[in-house]
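Only one structure is covered here, and it is reproduced in the block below.
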Protein chains: 4
Amino acid sequence: MTDSTKSRARGADKRRRLTAAAAEVLHRQGVERTTIADIAETADVPVGNVYYYFKTKDELVQAALSEHEGNLAELTTELDRLPDPLDRLKALVHAWVGQRDIAVRFGCPTGTLAVELDKRADGTLDQEAGRVIRVLLDWVEHQFRALGRPDAGDLAVTLVAGYQGMSLLANALRDPDLMTREGNRLIRWLDTLAAGGAAS
Amino acid sequence: MTDSTKSRARGADKRRRLTAAAAEVLHRQGVERTTIADIAETADVPVGNVYYYFKTKDELVQAALSEHEGNLAELTTELDRLPDPLDRLKALVHAWVGQRDIAVRFGCPTGTLAVELDKRADGTLDQEAGRVIRVLLDWVEHQFRALGRPDAGDLAVTLVAGYQGMSLLANALRDPDLMTREGNRLIRWLDTLAAGGAAS
Amino acid sequence: MTDSTKSRARGADKRRRLTAAAAEVLHRQGVERTTIADIAETADVPVGNVYYYFKTKDELVQAALSEHEGNLAELTTELDRLPDPLDRLKALVHAWVGQRDIAVRFGCPTGTLAVELDKRADGTLDQEAGRVIRVLLDWVEHQFRALGRPDAGDLAVTLVAGYQGMSLLANALRDPDLMTREGNRLIRWLDTLAAGGAAS
Amino acid sequence: MTDSTKSRARGADKRRRLTAAAAEVLHRQGVERTTIADIAETADVPVGNVYYYFKTKDELVQAALSEHEGNLAELTTELDRLPDPLDRLKALVHAWVGQRDIAVRFGCPTGTLAVELDKRADGTLDQEAGRVIRVLLDWVEHQFRALGRPDAGDLAVTLVAGYQGMSLLANALRDPDLMTREGNRLIRWLDTLAAGGAAS
DNA sequence: AATGAATGAGATTTCATTCAT
DNA sequence: GATGAATGAAATCTCATTCAT
């Protein structure tokens, strides 16, 4: 390994640490209450050095969003291995419920980011979280379509809205069981749909 | 009317204007991006004077929440006039859809406040928005119970989660039609339930 | 004097002190080397308070320029009392030479500001100093025109350029006598012109 | 050519590129608004490497000044080939006017550097630009002396001040014609002088 | 010699809160 | 009660300079 490779590796590592720290801390504390120093400390990087990797705080927010988008891509790639689209959707719901402890404490990372960023009067980043949500919607719609549902788009909205809604409530009420109960309902609903029932 | 009565009246008026301004501006801009000066200006009250009515910014946030709670109480009082609990719930959904333009732009006032306040590490206010949401949940549950549903609590969570979810998505995607479509689905779902169907 | 008058007076006073401090310190240290703290300290105002009067550093620079423009207006108003335009111009040169100690140390306030501000890539303030210089040029041209010179515009440029050039040299060489010598030459030149000579 | 020779050559080249870049960028942006990174980028040299050639930013400023001094020396060497001192001076003015587009945009390199550096409270470099100006003055004075003028020193000051003044005005007013007009006047003035006229 | 990365001091700006009248 | 002004603690960002390899 040459010197430059090493230092590039070190640099990439720090960037990765900063991105991960940003994703985590911004999720926990929200964008506005998080300082660059918070992120730097979590990533164990001197504050001044953060700006070598990210020119502005907004770039860190963007990086956090990309991290969440990456996590989503990882998850759907995993789920795509399942042969049956219905199984994929049910596994998705299970994954959501499996994350309930984090959701209860801090909400859905992308959903809460969307809420915060949408409040921006300037045009910066205010649609970025929406973009990530759309990626999820598209994947879900794709599964419903594979199940032969002509109303796949609406069904996708219903499922994802169900997830965002239950995350928000579980978070606001600090009630993890709520996630489990609503998750189970969504699973049953998916089964109903597949059983050939009309769209609910 | 004596002087002191007048000034009390004037004072109460200012407090009301500040509360209304807080509710509106905090909803539009979010808690952290809103300055006291923003609220003061909207209420047409000199900045220095705000502190006579509200000792801290947090008290203004609290007041905004109370305002939203008041709006909710007004709405449910109105709905309570309807004799049929099912009609009440359907009218509630209609009311939600009727607010879609605001929801699309800024989300549900209470829901987005809940998201922001839950990020607080300190214990201040972080449960207050949840409290208001619970008031809504309780009222909805009460209707389902009146309809004879033993799973009224779960159904209430489903309905309110549906509302929060569709508000968040409509907001994130800037799509008012989404509110209409999901609203219609919720109405159909309520009808299904009443028709004696199993919980979906 | 009412309370509000008093506090308005205090406020106006501070604004004046800040403007004067800005004019002086920016002239001595240059725009880029001067911090808001420098100006605040000179004006004996807490740093945070500066922003109550001037929203940005640029506004302070603008204020300093206006101060210099005001000084110029004061001077020309004074000179306008002289009945003979030639006397006015000669008195102007005398005034310049009279300021030689400051010019030697820090150059012409407006000229050096023009040099600094012209380096700005963004469009902010980069023409403002030029504007003040044009005010001087216009006044001088007006005098030459009153003397019946058809080439008044060119003569004005020559006179003002002479002033800017001698200020810059005196400053760069730290030589106050240079101001005196060049000033005398300008006076002789003005006399020559008035004696009916051709434009030199 | 040995390796060390090559690398010495390469090193000298880098130093030259950095010096040229410093001269250009510092002239365009001013000392304070120019970062080492700006100069490094213009010279196509990695930032970290700059410090191998110049220990501080001040040394880069010094180098830029030397570059301008070198340009001046080149010019006067060229002019010295003309047999008649009067022709030399007129050619000098022509050279100035020929540079009018740059002067209009950024002023005289040495003059504007003098203005910026003179603002320094510390003793660093604050006389260096003055030194370069003096070199010019000396050369001009030499020509006037060769023309038999006893007041050669004053005449030199007048000519150079004229140049600095017209550059500053042209720059501040963004008017290239001003350079042409004042240049013509200086030429006529030189002719007048040579014709045996009294000093104007 | 070369170079990407690191560092920390300092600058501007914002704003909740308090003060003086 | 009312109000313009004051205050200072933070936060973001910049950059000359240094370091490690």
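By convention in this document, chain letters (A, B, ...) are assigned in the order of the sequence lines, proteins followed by strands, and residues within each chain are numbered from 1.
- In this structure, CD of B/E41 is placed 15 Å from P of F/dT3, rounded to the nearest angstrom.
- For A/K57 and B/G48, each mapped to the nucleotide of DNA chain F holding its nearest heavy atom, the one lying further toward the 5' end belongs to B/G48.
- Rounded to an integer number of Å, the gap from C/D44 CG to F/dA6 P is 12 Å.
- Of all nucleotides listed (E/dA5, F/dC15, E/dG4), E/dA5 comes nearest to the side chain of A/Y53.
- The phosphate of E/dA6 has neither OP1 nor OP2 within less than 4.0 Å of any side-chain N or O from A/Y52.
- Nucleotides E/dA1 and F/dT21 place their P atoms 22 Å apart, quoted to the nearest Å.
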Show your working on side-chain contact (heavy atoms from CB on, under 4.5 Å) between C/H68 and C/L26 and close with a plain yes or no. CA-CA 11 Å; C/H68 295 312; C/L26 290 171; over 6 Å; no
List the steps and the verdict of side-chain contact (heavy atoms from CB on, under 4.5 Å) for B/F106 and B/Q29. CA-CA 8 Å; B/F106 307 112; B/Q29 306 187 348; over 6 Å; no
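- Of the side-chain N and O atoms in A/Y51, none sit less than 4.0 angstrom from OP1 or OP2 of F/dT14.
- Distances shown here put every side-chain N or O of C/N49 at or beyond 4.0 Å from the OP1 or OP2 atom of F/dA5.
- Atom CZ in D/F54 sits about 16 Å away from atom P in F/dT18, given to the nearest Å.
- Between the C1' atom of F/dT12 and the CZ atom of A/R33 lies a distance of 18 Å, rounded to the nearest Å.
- The CD1-C1' distance, from B/I39 to E/dT17, rounds to 14 Å in whole Å.
- OP1 or OP2 of F/dA6 lies within a sub-4.0 Å distance of a side-chain N or O belonging to C/K14.
- Using a 4.0 Å cut-off between a side-chain N of Lys or Arg and a carboxylate O of Asp or Glu, B/R131 and B/E69 qualify as a salt bridge.
- Of the two residues contacting DNA chain E, namely B/D58 and D/P46, the nearest-nucleotide position lying further toward the 5' end is that of D/P46.
- The 5' end of DNA chain F is approached more closely, in terms of each residue's nearest nucleotide, by B/V47 than by the other of B/V47 and A/T34.
- Of the nucleotides present, E/dT3 is the one that pairs with F/dA20 by Watson-Crick or G-U wobble criteria, both distances under 3.5 Å.
- Nearest nucleotide to the A/I36 side chain, out of E/dT17, F/dT12, F/dA16: F/dT12.
- Atom P of nucleotide F/dA16 and atom CD of C/E32 are separated by 12 Å, given to the nearest angstrom.
- Rounded to an integer number of Å, the gap from A/R15 CZ to E/dG4 P is 15 Å.
- Across the protein-nucleic acid pair, A/D38 atom CG and F/dA10 atom P stand 13 Å apart, rounded to whole Å.
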From CA spacing to verdict: side-chain contact (heavy atoms from CB on, under 4.5 Å), D/V132, D/L113: CA-CA 10 Å; D/V132 178; D/L113 261 178; over 6 Å; no
Decide side-chain contact (heavy atoms from CB on, under 4.5 Å) for C/L117 and C/V61; before the verdict, give the C-alpha distance in whole Å, the side-chain angles of both, and the deciding distance to 0.1 Å. CA-CA 10 Å; C/L117 297 179; C/V61 177; 4.2 Å; yes
